[in-house]
Amino acid sequence: MESTYDPAAVESRWYDRWESAGAFRPEVNPDGAPFCIVIPPPNVTGSLHMGHALDLSIQDVIIRRKRMQGLAALWVPGTDHAGIATQNVVERELAAEGLSRHDIGREAFVEQVWMWKERSGGRISEQMRTLGFSVDWTRERFTLDEGLSRAVRQVFVTLYDEGLIYRSNRIINWCPHCRTALSDIEVEHEETLGELVTIRYPFADGEGAIEVATTRAETMLGDTAVAVHPGDERYADAIGREVILPLMERRIPVVADAEVDPEFGTGAVKVTPAHDPLDFDIGQRSGLEAIKVIGEDGLITPAGGQFAGMDRFGARTAVKEALAASGALVSVAEHTHSVGHCSRSNDVVEPMLSLQWFVKVEPLVGPAIDTFRNGETRFVPKSWENSYFHWMENLRDWCISRQLWWGHRIPAWYCDACQEVIVAKDEPTACTACGAANLRADEDVLDTWFSSALWPFSTLGWPDETEDLKRFYPNSVLVTGYDIIYFWVARMLKMGLHFMGESPYPDVVIHGLVRTADGRKMSKSLNNAVDPLDLAHTYGADALRLTLLQAAAPGHEVPAPQDEWLDAARRFGNKLWNAVRFAATHVDDVPRAGGYPTDPAPEAAWILQRLHEVTQQVDELLDEYRFSDAFSTLYAFAWSEVFDWFIELSKAPLRDPDRSAEAAAVVGVVIRDVLKLFHPAIPFVTEELWSQLVGDGLLATAPWPDPPAYDLPRSMETFQELIVAARRFRAEHGLGPNAELTMVVVDAGDTVEDWWPEQAMELARLSMTFGEAPGEGHTRLVSGKVEGFVALGGAIDVDSERQRLAAAVATAVDARDHAAAKLGNESFRDRAPAEVVEKEQGKLSAAEQLIDSLRAQLEELG
RNA sequence: GGGCGUUUAGCUCAGUCUGGCUAGAGCGCUUCCCUUACAAGGAAGAAGUCGCAGGUUCGAGUCCUGCAACGCCCACCA
């Protein structure tokens, strides 16, 4: 073995071996209970970002541990066709050649996207392999593959037949850039400083006027009424009269509607039913015409009169100027309000009347809430329930049709002869109503999230009754960032409960988003994103994974990996490497599992007991999805107990022919279990080291450790003896911790001559400086047998020793006073639990003793 | 306009649910040590009025109330 660990060389050689051994298939544990995670499918044409690296590292820890625990662990990989995102990418490519998708036509365009998908779609899976994620590639799925498309059509048709999918003319969010409708959550609201324009609408009978305010002046071209609150006395006379719409010179009525807030602005609102949801509702109630003045292209329609053909923002200015010129403009004031932007193109979204397909969500919401209330499903951390409930209870129907070409075609056909709408899984040959043969297929595709919502069961083969579906639905846990709870998690729950009758998973683990050092979201557009593959290249995939896992505390945002942390994680790999290198020179034949000694030497019993405790702790923490705590605990145990302590303690026994076999066995077993415990987090280096130390099969499929507990009387007794002896020794010689004091423990019968001078170096190696007490300073147990001490040398720095003692006295006095004050408090004595009072008394007397001894030492120093 | 989160050492964060040894970790910093798995290492050490103000309690970083700063989410503020 090399003396330093080279991640690049090691990491490149394991993934293929795992895969070809079938290690990631649930079939490796044929008798195990099923355990299943489906991957949140990344965009097929994208590449892995830091958020994926975190999300997938967490899932890999879960799935690898379950696999080692003997469960039939399945992690289903796959990708999402990502409708708008992917279509935009290919359209940009076309644009570079001066073409639009309309130039080449739908069929050719879709073919081009497929080609693009074939070209670049492998990138994600390549990156996942590089980072070591143990998914079952034989079960890989794509949201647009044949099986999932069948699932989508089945769901659509069923929901349509149940009346939960309908087609309707309503106000939707329209992105003029993408030229498609969007759902509510694809709109991002941004606080924007705009203008509040107040306009005077004169009454048609010539007496007076009514003033209305708007932030979108151009929409006034489509006004078909002015509305006021029915109880608003200021406008009681106005209701039922007509006003003249400036510029358009149209007579429009003043109507009453309870939704109008009399407190806002003038209390009168212009009504544009075709371009505002509230206005649309008012229009419905008052039977108003809806005039569409902004088109799908973002330009003013012919209905906009003289402004027709103008861009919507240009029209806003032009309308204001025209209003000013005609004297109808009352005022223009600065006004901050939130403006919707398309989450894909960032273009300003236009509310617009449009004929679209919707999912009626109300009947689906109840079960998706109850599943949490009755404990069938839970969020980890639980605090997400509140916002989830609040959000679910205020849902509006989900607009699912998109005017795109890349996606699942909506399975609807229209008969122009009799206006029949036919929704079916397979294309009908003739109208089911009138028998006409010429049916027109719906041009639109479905929202990408429609197919994602089916992912937990569609990937397992639904609607077919496959073995996988029976075995792995419900899944076991879902891991995702909070940013797609509404997009994805809520919809999976609704669909899973509706179609499978069971929650898709009992646990929903929500982690934070990866933040940059200054706490901002990482994003390509802000140009502050760090490519995880770059970091994996520099520090190793293991280092990246460990760093992310140590940062992932539940309920918190995840700070982006910083160079120092990554470096620390890489150094840990090196430390492990060297520990195994040491062990491998002393140990042969480490068993795959078991091999725990029944009557270990004291230092062995100590580390084995710690191994037992730490394994239990780590198991508990991982069961609670507390990855940061689990791996921090493990890291501290491995480094400061196993490497710094235990390996040092083992050196003497390993050299002693009588004890070396036993010591070697323990070293082998302990380090083997450390490798096992770390394997889910850092699979590459541990697998490599497993091959060096154990060499029996793959670590990836080795059994999870379950080390037994040990009693520690013998070693603890010895440990105490050692400390007592050290103290006595120092007291006798008037030495404090600042003394450069070196001591060793020698076996019974040994004499100084036996050890000195030939063994001087060895003694120095084994010797340690003793602190004042356990926990203060460091004390090492060098041998199970403590018989005496040998001083090899020593000196005291009187000044610093005096300073130290003085500070120690002050601290001890504080402690004593603190304890005394507590004990002097009557209610403390009366009401605190007895053991607490006892402890306090113990503290008091310990402090007093300590003060005495410290003062004595001070005096000795003079 | 609602809701949520955060505020603890120079930096990044645990600890708060379930109140109890004089508050912890990593990194950084100071001193010492290149000795046999590892200098990409080892040993020792300094460093915190736990955001502010009240309250409950024998006892508060932890529970309650208010405030402040920062961040996030939701919302048909015309």
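These numbers were taken from a predicted model, which means no experiment stands behind them. Residue numbers start from 1 in every chain, and the chains themselves are labelled A, B, ... in the order their sequence lines are given, proteins ahead of strands.
In this structure, B:rG59 makes no Watson-Crick or G-U wobble pair, since no nucleotide meets both defining distances under 3.5 angstrom. The partner of B:rC34, taking Watson-Crick or G-U wobble pairs whose two distances both stay under 3.5 Å, does not exist in any strand shown. Base pairing of B:rG66: its partner is B:rC52, meeting the Watson-Crick or G-U wobble criterion (both donor-acceptor distances under 3.5 Å). Base pairing analysis places B:rG71 opposite B:rC4; the two distances defining the Watson-Crick or G-U wobble pair are each below 3.5 Å. Across all strands shown, B:rC27 pairs with B:rG10; the Watson-Crick or G-U wobble distances both stay below 3.5 Å. Searching all strands for a Watson-Crick or G-U wobble partner of B:rA46 with both distances below 3.5 Å returns nothing.
Look at CH2 on A:W639: it is 14 Å from P on B:rC38, rounded to the nearest Å. Remark: C1' of B:rC27 and CD of A:Q550 are 12 Å apart, rounded to the nearest angstrom. Computed from coordinates, the A:Q692 CD to B:rC38 P distance equals 16 Å when rounded to whole Å. Between the CG atom of A:D629 and the C1' atom of B:rG26 there is a distance of 14 Å, rounded to whole Å. Here B:rG5 presents its P atom at 10 Å from CH2 of A:W384, a figure rounded to the nearest Å. With rounding to whole Å, A:Y625 atom OH is found 22 Å from B:rA14 atom C1'. In this structure, A:F582 atom CZ and B:rU35 atom C1' are separated by 14 Å, rounded to whole Å. Atom CE of A:M392 and atom P of B:rC74 are 15 Å apart (whole Å).
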Please report, to 0.1 Å, the donor-acceptor pairs under 3.5 Å made by any side chain of residues 328-337 of chain A, with sequence neighbours excluded.
from, atom 1, to, atom 2, distance (Å)
A:S331, OG, A:T198, OG1, 3.3

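Listed by chain and residue number, nothing satisfies the salt bridge (charged side-chain N to carboxylate O under 4.0 Å, His left out) test with A:E620 (two or more places apart in sequence, or in another chain). Scored by the side chain to side chain contact (heavy atoms under 4.5 Å, CB included) test, A:Y486 finds A:I185, A:S387, A:W391 as partners (sequence neighbours excluded). Residues forming a salt bridge (charged side-chain N to carboxylate O under 4.0 Å, His left out) with A:E393 (at least two apart in sequence, or on another chain): A:R373. Qualifying salt bridge (charged side-chain N to carboxylate O under 4.0 Å, His left out) partners for A:D281, counting only residues two or more places apart in sequence or in other chains: none.
Inspection of the A:Y201 and A:D223 side chains reveals an N or O donor paired with an N or O acceptor under 3.5 Å. Side-chain contact annotation: A:R581 with A:N578, donor-acceptor N/O pair under 3.5 Å present.
Nearest-nucleotide positions on RNA chain B for A:Y635 and A:V187 put A:Y635 closer to the 5' end.
Distance noted for atom P between B:rU49 and B:rG24: 15 Å (whole Å). The same atom, C1', is picked in B:rC38 and in B:rA23; the two are 33 Å apart, to the nearest Å. Comparing B:rC34 with B:rA39, their C1' atoms sit 6 Å apart, to the nearest whole Å. Only the C1' atoms considered, B:rG15 is 24 Å distant from B:rG54, to the nearest whole Å. Atom C1' of B:rU8 sits at a distance of 9 Å from the matching atom of B:rC13, rounded to the whole Å. The C1' atoms of B:rG59 and B:rA68 are separated by 28 Å, rounded to the nearest whole Å. Straight-line distance between the C1' atoms of B:rU7 and B:rG20: roughly 25 Å, to the nearest whole Å. Distance check on atom C1': B:rC63 versus B:rU18 gives 11 Å, rounded to whole Å.
Residue A:K575 has a polar side-chain atom (N or O) positioned under 4.0 Å from OP1 or OP2 of B:rG42. Distances shown here put a side-chain N or O of A:R571 below 4.0 Å from the OP1 or OP2 atom of B:rG41.
At a threshold of 4.0 angstrom between heavy atoms, the contacts of A:A579 include nucleobase atoms, whether or not backbone atoms are also involved.
The aromatic ring centroids of A:Y482 and A:W384 lie less than 6.0 Å from each other.
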Under 3.5 Å between N/O atoms: give me all the protein pairs with nucleotides 76-78 of chain B, atom names plus distance.
from, atom 1, to, atom 2, distance (Å)
B:rC77, N4, A:E191, OE2, 3.4
B:rA78, O3', A:T214, OG1, 3.3
B:rA78, O3', A:T215, N, 3.1
B:rA78, O2', A:A213, O, 3.1
B:rA78, N6, A:D261, N, 3.0
B:rA78, N6, A:D261, O, 2.6

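Nearest heavy-atom pair across A:T266 and A:V212 is OG1-CA, 4.1 Å.
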